[in-house]
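Quick caveat, the model's predicted, so the values are computed rather than measured. Letters A, B, ... mirror the listed sequences (proteins, then strands); counts begin at 1.
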2 protein chains.
Amino acid sequence: MKKPVQNRSKATRSRLISVATELIKKNGYEALRVEDVVTGAGVAKGTFFSHFKDKDALMELCIGTRIDAILDQVETKLKPKDVTDLVDGLLPLLNFMTCERYVFDVILRYSGAAAVEEIGAIAMTFDRQGKVLADWLADGPFRNDVSSQLLADGVQAFLIQAMALKFCALHNSQSTVEILVPYLEAWLNPKTVV
Amino acid sequence: MKKPVQNRSKATRSRLISVATELIKKNGYEALRVEDVVTGAGVAKGTFFSHFKDKDALMELCIGTRIDAILDQVETKLKPKDVTDLVDGLLPLLNFMTCERYVFDVILRYSGAAAVEEIGAIAMTFDRQGKVLADWLADGPFRNDVSSQLLADGVQAFLIQAMALKFCALHNSQSTVEILVPYLEAWLNPKTVV
DNA sequence: GATAAAAAGTGACCGCGGTCAATACCTAAT
DNA sequence: ATTAGGTATTGACCGCGGTCACTTTTTATC
């Protein structure tokens with residue numbers, strides 16, 4: 001006898017999410033405590049973990065939602081006419097992803113390397129980002145010897161590289177954009193054939 | 001009145017490290033518990049944390065040491081004559097870095113994105129890896145429109161991308177090498193000029 | 001050797017994520 | 001209205017990383 005999900009369950013879940021969102025807005029992602037979320041939502045600790053596999057699952061949801069919202073904006077932009085333009089279009093994404101070291105770590109952990117069992121919220125946004133990029137790069141003023149999907153994947157790899165360097169002791173004087181542009185120039189507009 | 005580091009301190013530290021190494025050899029990295037290390041070394045918990053900032057610091061040391069040893073071997077290899085050859089040379093490194101999901105996570109966290117205060121052991125190995133790569137790629141059968149250092153950085157970015165995909169739900173059917181080769185081909189041997 | 005100051009080590013304690021057997025609550029069938 | 005069988009929630013409890021006021025040991029100085 002299989003019974004459907006009860007309304008109170010949905011209510012509890014959405015209360016947990018909205019309390020979490022509120023707390024994050026106030027104190028940032030890293031400072032979020034499960035205990036504060038459950039107290040705020042007026043439920044016991046165990047309830048939290050019957051709604052989310054672990055704290056990371058909630059984190060993924062919150063961060064994923066946020067990235068999705070940013071992608072909504074980014075997506076409306078016109079195809080970039082050069083590398084600087086491209087980076088410009090991605091800036092909102094970059095800024096959010098590097099807003100906290102902790103956020104970047106979570107994103108890294110769940111970007112490509114999502115749990116093997118199922119595709120998480122963050123991995124989804126990377127997929128979506130890949131599609132937006134592939135669309136931007138197709139039939140544009142960039143190299144065309146490889147598929148636009150491969151080009152897009154490469155851009156993502158360099159994005160991550162550049163963001164990582166932002167948090168690095170050696171390179172944190174340069175901005176992410178400064179680091180990124182030469183990479184992408186070399187990737188998207190190679191100047192020699194071997 | 002400043003006094004030098006005592007011998008027993010050094011002895012304790014090296015005992016902690018060797019016990020940890022032993023435990024890792026037996027049970028893997030993820031399973032390592034600080035409590036087991038201190039019990040094995042015959043010291044109190046607090047002692048551990050007066051030798052290492054946190055558990056990650058020990059982890060970094062162990063993983064860093066391991067990578068360094070692998071780099072010793074890798075370094076002796078001849079300059080690669082093509083992409084396949086290059087990937088082949090890097091294989092020992094790839095294999096270790098993806099031996100455990102946990103290991104890959106730690107490496108990611110401390111690779112470029114080392115603590116801002118000081119450069120950790122893993123970040124050092126990435127630096128070294130970058131130099132080896134730059135040496136391999138200089139004056140080789142690869143593109144020469146950009147510096148070999150930039151080429152090397154790019155290879156590292158693609159390495160991470162490919163390793164991340166290995167743990168990904170969507171791509172884990174392909175081997176890391178299979179994923180990597182087309183990327184590097186496109187990066188190191190672009191076939192068109194725009 | 002006695003003394004003082006610094007280094008090294010101790011272990012009870014805390015914070016916080018996560019578990020699980022027990023309980024409360026719903027809803028469909030009678 | 002009662003009951004049965006599932007869903008949802010509870011909160012005491014655990015594991016494990018990390019802290020800190022305190023004790024023990026070493027070493028320099030007289």
Side-chain angles (χ1 to χ4, degrees), chain A residues 1-20 23-24 27-63 100 102-103 105-106 109-110 115 117 120, chain B residues 1-20 23-24 26-63 100-103 105-106 109-110 115 117 120:
Chain A
M1 199 204 280
K2 190 85 162 289
K3 297 188 180 175
V5 179
Q6 296 171 16
N7 285 333
R8 65 172 168 157
S9 174
K10 288 185 214 159
T12 304
R13 187 187 154 91
S14 77
R15 220 161 59 244
L16 284 169
I17 294 173
S18 73
V19 169
L23 285 174
I24 288 169
N27 312 316
Y29 288 86
E30 175 144 37
L32 191 74
R33 297 285 165 268
V34 172
E35 266 198 54
D36 296 342
V37 176
V38 295
T39 325
V43 295
K45 214 172 185 183
T47 302
F48 180 95
F49 292 98
S50 70
H51 282 275
F52 302 98
K53 185 179 152 289
D54 51 25
K55 189 188 163 185
D56 271 13
L58 173 65
M59 223 62 252
E60 240 210 297
L61 190 75
C62 292
I63 293 176
E100 275 181 50
Y102 171 75
V103 169
D105 281 347
V106 173
R109 211 168 32 250
Y110 292 100
E117 310 90 57
Chain B
M1 200 200 282
K2 190 82 160 294
K3 298 187 182 177
V5 180
Q6 295 172 17
N7 284 333
R8 67 169 168 158
S9 174
K10 289 183 212 158
T12 304
R13 188 187 153 91
S14 76
R15 222 160 58 243
L16 285 168
I17 294 173
S18 72
V19 168
L23 286 173
I24 288 169
K26 208 186 301 168
N27 311 316
Y29 288 87
E30 174 144 38
L32 191 73
R33 297 285 167 267
V34 171
E35 265 198 55
D36 297 341
V37 176
V38 295
T39 324
V43 294
K45 213 171 185 183
T47 302
F48 180 95
F49 291 97
S50 69
H51 283 275
F52 302 98
K53 186 178 151 291
D54 51 25
K55 189 188 163 186
D56 271 13
L58 173 64
M59 224 61 254
E60 240 209 298
L61 190 75
C62 293
I63 293 176
E100 275 180 50
R101 172 74 199 270
Y102 171 76
V103 169
D105 281 348
V106 173
R109 213 170 27 252
Y110 292 101
E117 309 92 56

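Using a 4.0 Å heavy-atom distance criterion, B:Lys45 is classed as a base contact.
Within the structure, the side chain to side chain donor-acceptor pair (under 3.5 Å) test picks out the following pairs touching residues 7-20 of chain A (sequence neighbours left out): A:Gln6-A:Arg8.
Side-chain atoms of B:Asp54 come within 3.5 Å of backbone atoms of B:Ala57 as a donor-acceptor pair (strictly under, hydrogens ignored). Looking at A:Glu100, its side chain does come within 3.5 Å of a backbone N or O of A:Glu30 through a donor-acceptor pair.
Looking only at side-chain heavy atoms (C-beta outward), B:Leu16 and B:Phe52 come within less than 4.5 Å of each other. Two residues are said to be in side-chain contact when any heavy atoms from C-beta on lie closer than 4.5 Å; B:Leu32 and B:Asp36 fail this criterion.
Atoms CG (B:Asp56) and C1' (D:dC16) sit 14 Å apart, rounded to a whole Å. If you measure from atom CZ of B:Arg33 to atom C1' of C:dG17, you get 13 Å, rounded to the nearest angstrom. Atom P of nucleotide D:dG18 and atom CG of B:Asp54 are separated by 5 Å, given to the nearest angstrom. For the pair A:Phe52 CZ and C:dC16 P, the computed distance is 20 Å after rounding to whole Å. One can place CZ of B:Phe49 at 13 Å from C1' of C:dG15, the figure rounded to the nearest angstrom.
Of all the residues in residues 6-17 of chain B, B:Gln6, B:Arg8, B:Ser9, B:Thr12 reach under 4.0 Å from DNA chain C with at least one non-hydrogen atom.
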